[in-house]
Structures are given as C-alpha cells and as structure tokens.
Amino acid sequence: METTNQEKSIMSSCLACCFALQQGEVKKAADILELFYDELDTVNDEQVLASLKNILSTAIRKRYQDFFWHILKEQKERLLLIVAKPELRLQSQEFLTFVIFNVCDRRILEARAIARELVECFTRNATSEELRSFWNEWTSLIARIARRNWQSEMDWLLQILLHQLWRRGDIKLFQLAVWQLQMHLSMYCRFDSIEGMLTVYRKLFEGYLILLELAGKKYVEQEKREAWLQ
C-alpha cells in the first residue's frame, strides 16, 4: 500500500518525538507531542496504536514514567474507542499487553486506573475466544511478577482478572484461566515454598472464597451452581 502524506507526517513526528526523548530533551518531546496529537486525527486507528506504542516504548526505556502516564491520560478517550472495535482486536490486545506489563514492570501507580479502564473496555467487547489469548498472556505476566514478589502488582493483576472473569460469566473461560494460575502457583511452590505461594497468590484464594459465596447466590439452577462451585 502507498503511504499517504498524512501517514508520512505522523511517522516523522513520531520519530522526532522518540529522538528528542532519546536525547533527554523532554520539553522538546512534549512540544512535538502536542502537534502529534492533532495529526492523529488524520490517520487510521491502527497507526494511532502503533505510533503511540513507539513513543510510549521510548519513554519507558528512558525511564520517563511521567511522560508515559501523561500520554495515556491525554489519549484515554481515543484509546477507549479503539480497543472496543472488533476489527482491531489483535492490535488492541498487543497494545494493552504492552501497557499493562510496563505499568507493572515500572510500578507506575498513577497509570493503573486508566490501564484498568482500557482493559475493562476491551474485555467487555471481545469474544470469549479472543479473551482466551488475552487472559493467557495475563496469567503469564502474573507468574513473572510473582517471581519478583511484588505483592501490590500481584494483587492488582489478580483482582482485575478475577473480577472480569466473574462479570463475564463464561465458566469455560473462568476454568481455563484458573487452571493456568494453578499451574503457575505449582511452579512457584517448586522454586520457593508453599508459604511463599500462599502469600503471593493470596488474592486468588480470596477469590475462591468470594466465588463460593456468590455462586450460591447468583445461580438458582442446581446444575449451574454445581458447575461454578466445582
């Protein structure tokens, strides 16, 4: 496909912003970013995600967490619209996985609320089959964070996962995610201890207790109730 003038312009602005960040010229990068935001209106959503990811990636590599958080805050409404679109599900999943990893890896507490909002919008509109892949990546990230013993990040990730799975009400999807978590916590026991695993994965066990209570209240039919309790 031939590259349009608008696409060339936004690529140029994206590179200029990344280069300024690489050189430590944060003020210059911020000025370029303001013009860049206006140019985003002239290109398709796929390029919006790609361009934003490039700048966010550069910011995080240079440890400009505030810059990373600022972009997410400024572009939240646009991103909410994009991640809800079925034709961009794969690109949105890759973008969200990148964002969630860096919010945890760099421990950017300020970005958690927006990151969670984006995830909730994505999962609300995705199919169960699409969510299989998404939650698979999520449980793998949980396992990586568990090895660091970062309790705050672990609790946050597990809480989002269990809450979204329960809201979805898809028992097969729930079982798949829980089985994956069980596999990871078993591996954690092998490398650490049962005591350590119970501490790090405490939100999962709290989730089991909540599930036990809610399953009995939500489902009157005996068959559905038994399935969730199992």
Side-chain angles (χ1 to χ4, degrees), residues 3-126 134 137-138 141-142 144-145 150 152-153 156-157 159-161 164:
T3 304
T4 66
N5 290 333
Q6 290 88 350
E7 290 172 332
K8 290 178 180 178
S9 178
I10 202 170
M11 288 170 61
S12 177
S13 296
C14 180
L15 287 172
C17 186
C18 291
F19 184 74
L21 289 173
Q22 288 282 8
Q23 298 300 309
E25 298 175 334
V26 181
K27 176 62 170 61
K28 182 178 179 181
D31 292 339
I32 295 171
L33 200 60
E34 290 304 315
L35 298 174
F36 173 78
Y37 287 156
D38 293 333
E39 291 180 313
L40 286 179
D41 295 327
T42 67
V43 295
N44 61 50
D45 291 333
E46 186 172 357
Q47 187 162 8
V48 170
L49 287 180
S51 300
L52 288 175
K53 185 178 178 182
N54 284 334
I55 297 175
L56 287 168
S57 181
T58 304
I60 215 68
R61 284 200 305 272
K62 298 300 291 183
R63 299 186 181 277
Y64 296 133
Q65 282 91 329
D66 288 344
F67 204 88
F68 181 97
W69 148 237
H70 173 78
I71 293 174
L72 290 181
K73 181 174 65 173
E74 291 294 318
Q75 294 299 305
K76 184 184 81 167
E77 298 305 322
R78 187 194 303 262
L79 289 170
L80 284 171
L81 293 174
I82 292 175
V83 299
K85 294 183 177 182
E87 66 271 19
L88 291 175
R89 205 75 76 206
L90 180 59
Q91 295 89 336
S92 294
Q93 177 179 329
E94 292 175 352
F95 181 82
L96 287 174
T97 301
F98 160 80
V99 168
I100 294 297
F101 170 77
N102 283 291
V103 167
C104 293
D105 184 57
R106 300 297 183 177
R107 311 184 90 169
I108 311 173
L109 299 181
E110 300 86 352
R112 281 189 185 182
I114 291 177
R116 180 168 188 160
E117 198 171 343
L118 292 172
V119 168
E120 288 175 348
C121 182
F122 175 82
T123 57
R124 185 166 58 247
N125 291 281
F134 184 71
E137 292 286 338
W138 195 280
L141 175 58
I142 286 174
R144 293 164 69 182
I145 297 299
W150 287 0
S152 177
E153 284 70 24
W156 183 65
L157 290 170
Q159 187 176 44
I160 293 174
L161 172 65
Q164 291 305 307

Approximate separation, where rounding is to 0.5 Å, of [X] [atom1] and [Y] [atom2]:
{"X": "Leu141", "Y": "Glu137", "atom1": "CG", "atom2": "CD", "result": "9.0 Å"}
{"X": "Lys53", "Y": "Ile71", "atom1": "NZ", "atom2": "CD1", "result": "14.0 Å"}
{"X": "Cys17", "Y": "Glu25", "atom1": "SG", "atom2": "CD", "result": "11.0 Å"}
{"X": "Arg89", "Y": "Phe134", "atom1": "CZ", "atom2": "CZ", "result": "11.0 Å"}
{"X": "Leu72", "Y": "His70", "atom1": "CG", "atom2": "NE2", "result": "10.5 Å"}
{"X": "Cys18", "Y": "Arg61", "atom1": "SG", "atom2": "CZ", "result": "7.5 Å"}

So which atom in [X] and which in [Y] form the shortest heavy-atom distance, rounded to 0.1 Å?
{"X": "Val83", "Y": "Phe122", "result": "O-CD1, 3.6 Å"}
{"X": "Ala115", "Y": "Trp156", "result": "CB-CH2, 4.2 Å"}
{"X": "Ala84", "Y": "Cys121", "result": "CB-SG, 3.8 Å"}

Taking the side chain as everything from C-beta on, heavy atoms only, tell me whether [X] gets closer than 4.5 Å to [Y].
{"X": "Leu21", "Y": "Ile55", "value": "yes"}
{"X": "Gln91", "Y": "Lys85", "value": "no"}
{"X": "Ile82", "Y": "Phe95", "value": "no"}

request  = Determine, for Arg124 against Glu120, whether the closest basic-nitrogen to carboxylate-oxygen distance falls under 4.0 angstrom.
outcome  =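 Result for this pair is no, no salt bridge flagged.
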key: Short N-O contact, Lys73 and Asp66, less than 4.0 angstrom   =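 No, this pair does not count.
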task = Walk me through it: do Leu52 and Leu40 pass the test side-chain contact (heavy atoms from CB on, under 4.5 Å)?
result = CA-CA 9 Å; Leu52 288 175; Leu40 286 179; 4.2 Å; yes
Steps toward side-chain contact (heavy atoms from CB on, under 4.5 Å) verdict (Ile100, Leu157) = CA-CA 9 Å; Ile100 294 297; Leu157 290 170; 3.8 Å; yes
inquiry  = Would Phe19 and Thr58 count as a side-chain contact (heavy atoms from CB on, under 4.5 Å) here? Give the steps.
reply    = CA-CA 9 Å; Phe19 184 74; Thr58 304; over 6 Å; no
ask   = Does Ser13 use its side chain to pair, donor to acceptor, with the backbone of Ser9 at less than 3.5 Å?
value = yes
For residues 104-111, which side-chain donor-acceptor pairs fall under 3.5 Å, sequence neighbours excluded?
unit_1	atom_1	unit_2	atom_2	d
Asp105	OD1	Arg148	NH1	2.6
Asp105	OD1	Arg148	NH2	3.0
Arg106	NH2	Ile60	O	3.4
Arg107	NE	Glu153	OE2	3.3
Arg107	NH2	Glu153	OE1	3.3

ask   = Run the side-chain contact (heavy atoms from CB on, under 4.5 Å) check on Lys28 and Ile32 step by step: do they pass?
value = CA-CA 6 Å; Lys28 182 178 179 181; Ile32 295 171; 4.1 Å; yes
message = Counting only heavy atoms from other residues, nucleotides and ligands, does the tally under 6.0 Å from CD of Glu39 exceed 12?
response = yes
query = Which residues satisfy the side-chain contact (heavy atoms from CB on, under 4.5 Å) test with Ala30, sequence neighbours excluded?
reply =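 Scan of Ala30 (side-chain contact (heavy atoms from CB on, under 4.5 Å), adjacent residues dropped) gives Phe67.
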